[in-house]
Amino acid sequence: MQDIVGNYYVLNNSVDTLKEDFTIDYEKSTFYEVIRIIDGVPLFFEEHYNRLKNSMNILDLNLKCSKQELKSSIKKLIEVYGSPDCNVKINIYDSEGEQNCLLYISKSYYPPKEEVEKGIGVSLLKLERNNPNVKIINTSYKEAVSKKMNETGAFEILLVNEDGKVTEGSKSNVFFVRGTKVFTSPGEYVLKGITRQYIIDVCKRLELEVVETLIDIVSLSEMEGLFISGTSIKVLPVSTVDSFVFSSGSHPTIIDIRDQFDKFIDDYVSRNRE
């Protein structure tokens, strides 16, 4: 459990102190979600809960923790952690025939303004998720991604399928831009990120054309820029994809999307603050 931050966790709505030898003793796969907390507000809580529930339903399993219980657990964890701004990781797993709901503060990285404006570097890796719309811990997948990151020093890894087409990031969604046209992978090929859907909504409000299609590696040179999206990074421009170089941080279309998405989040937090 290398991603835990702080001294507390919440197990089945009860707060406990973290021990050095703390591990998850699970019998089956662990389903998870990571929710960003901004000013004490769990960002897009309803959507995260529904996606967690749907991930389990795909494998004919039912989520026993109710929305109210989960929201209560998040509130308890934030209170003992002592900060209204963090990431909470939710883990659902079976142990001794019982379904457990474990929450803890997870490591997070919020890109500084300078990095957002400059953009980050990513690398390509031929790798596919077996079932991209099930958020489940996959050790071999994580090891392959970590190995590529260590080899390249990339901020993120973009996955490439057997046909040579870019599908998604290892822990993000990816959008390509040409003029005022935005390209992103169809939902059946990727984890349908919650941030991804809201970005698509923002694009439509900006009257940008959104095309859901897979981009071939050989077509990368035809793109003017790209960005990745996710819980912590929001809209993060990409400056390099291996040897491909882009001026994504200064592309007017990407700037408009980023600014409008930030405004949308600010409005959401204001509406949902208790």
Side-chain angles (χ1 to χ4, degrees), residues 1-110 129-143 145-146 170-172 191-195 230-232 272 274:
M1 308 301 294
Q2 298 178 344
D3 61 337
I4 295 180
V5 176
N7 300 314
Y8 301 94
Y9 64 90
V10 175
L11 179 61
N12 300 327
N13 212 20
S14 296
V15 178
D16 204 347
T17 304
L18 190 66
K19 311 295 191 302
E20 287 187 8
D21 59 349
F22 177 77
T23 58
I24 295 180
D25 180 23
Y26 59 88
E27 298 168 355
K28 295 182 179 180
S29 301
T30 300
F31 297 84
Y32 73 98
E33 283 287 328
V34 177
I35 299 183
R36 183 168 181 174
I37 312 299
I38 300 179
D39 199 17
V41 176
L43 195 62
F44 311 139
F45 173 79
E46 293 278 342
E47 290 87 345
H48 279 288
Y49 181 86
N50 290 335
R51 185 169 66 181
L52 181 61
K53 188 175 180 179
N54 290 337
S55 287
M56 298 183 69
N57 287 345
I58 289 173
L59 299 184
D60 295 322
L61 297 171
N62 294 316
L63 177 60
K64 296 180 181 178
C65 180
S66 69
K67 288 182 183 179
Q68 293 73 21
E69 290 170 335
L70 187 56
K71 189 169 283 188
S72 172
S73 293
I74 292 173
K75 185 175 182 179
K76 289 178 180 180
L77 182 60
I78 295 170
E79 287 176 350
V80 295
Y81 179 60
S83 173
D85 298 286
C86 57
N87 280 12
V88 171
K89 188 168 186 177
I90 303 159
N91 302 269
I92 306 295
Y93 64 98
D94 282 355
S95 178
E96 298 181 357
E98 296 293 331
Q99 186 178 106
N100 294 279
C101 180
L102 169 72
L103 284 74
Y104 57 78
I105 305 299
S106 66
K107 290 181 181 179
S108 56
Y109 180 76
Y110 307 135
R129 301 187 212 240
N130 292 329
N131 196 336
N133 278 302
V134 175
K135 287 202 75 172
I136 194 168
I137 293 176
N138 184 326
T139 303
S140 61
Y141 169 83
K142 290 178 67 176
E143 289 175 349
V145 169
S146 294
S170 69
K171 50 189 176 183
S172 65
L191 174 67
K192 295 178 184 177
I194 293 165
T195 301
T231 299
S232 297
N272 290 275
E274 293 182 356

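Excluded from the calculations below are hydrogen atoms, water molecules and symmetry mates; all remaining heavy atoms, backbone and side chain alike, are included.
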Hey, could you give me the [atom1]/[atom2] distance between [X] and [Y], rounded to the nearest 0.5 Å?
X: N91; Y: C101; atom1: CG; atom2: SG; value: 8.5 Å
X: S66; Y: K71; atom1: OG; atom2: NZ; value: 10.5 Å
X: I74; Y: H48; atom1: CD1; atom2: NE2; value: 9.0 Å
X: I37; Y: I105; atom1: CD1; atom2: CD1; value: 7.0 Å
X: S106; Y: Y32; atom1: OG; atom2: OH; value: 10.5 Å
X: N54; Y: L59; atom1: CG; atom2: CG; value: 11.5 Å

Steps toward side-chain contact (heavy atoms from CB on, under 4.5 Å) verdict (L52, I90): CA-CA 9 Å; L52 181 61; I90 303 159; 4.1 Å; yes
Geometric cation-pi criterion, K67 with F45: 6.0 Å, 45°: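 Ring-cation test returns no.
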Y110 six-ring face occupied by R36 cation (under 6.0 Å, within 45°):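 Yes, R36 and Y110 form such a contact.
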Do side-chain atoms of [X] reach the backbone of [Y] as a donor and acceptor pair under 3.5 angstrom?
X: S55; Y: R51; value: yes
X: Y8; Y: E79; value: no
X: D16; Y: Y9; value: no
X: D85; Y: D39; value: yes

Ionic contact status for K64 with E69, cut-off 4.0 Å: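 No, this pair does not count.
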E33 bridged to K89 by N-O distance under 4.0 Å: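 No, this pair does not count.
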Any side-chain heavy-atom pair of L61 and F31 under 4.5 Å: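 Contact flag for L61/F31 side chains = yes.
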Note, Q99 side chain near M56 side chain (heavy atom, < 4.5 Å):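 In contact.
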Check against side chain to side chain donor-acceptor pair (under 3.5 Å), N13 and S73: CA-CA 5 Å; N13 212 20; S73 293; 2.8 Å; yes
Audit row: T231, I35, side-chain contact (heavy atoms from CB on, under 4.5 Å) steps and yes/no: CA-CA 7 Å; T231 299; I35 299 183; over 6 Å; no
Derivation and outcome, side-chain contact (heavy atoms from CB on, under 4.5 Å), residues S83 and I78: CA-CA 6 Å; S83 173; I78 295 170; over 6 Å; no
Working for side-chain contact (heavy atoms from CB on, under 4.5 Å), residues C65 and L63: CA-CA 6 Å; C65 180; L63 177 60; 4.2 Å; yes
Non-hydrogen atoms of Y81 and C86 that approach each other most closely: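 For Y81 and C86, the tightest heavy-atom pair comes out as CE2-CB, 3.9 Å.
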Step-by-step side chain to side chain donor-acceptor pair (under 3.5 Å) determination, N87 to S232: CA-CA 8 Å; N87 280 12; S232 297; 2.6 Å; yes
Residue from V10, D3, L18 passing side-chain contact (heavy atoms from CB on, under 4.5 Å) with Y104: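 Looking at V10, D3, L18, the match for Y104 under the side-chain contact (heavy atoms from CB on, under 4.5 Å) is D3.
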Flag if over 12 foreign heavy atoms under 6.0 Å of NZ, K53: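 No.
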Pair N100, Y93: side-chain N/O donor-acceptor within cut-off below 3.5 Å: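 There is no such pair between these side chains.
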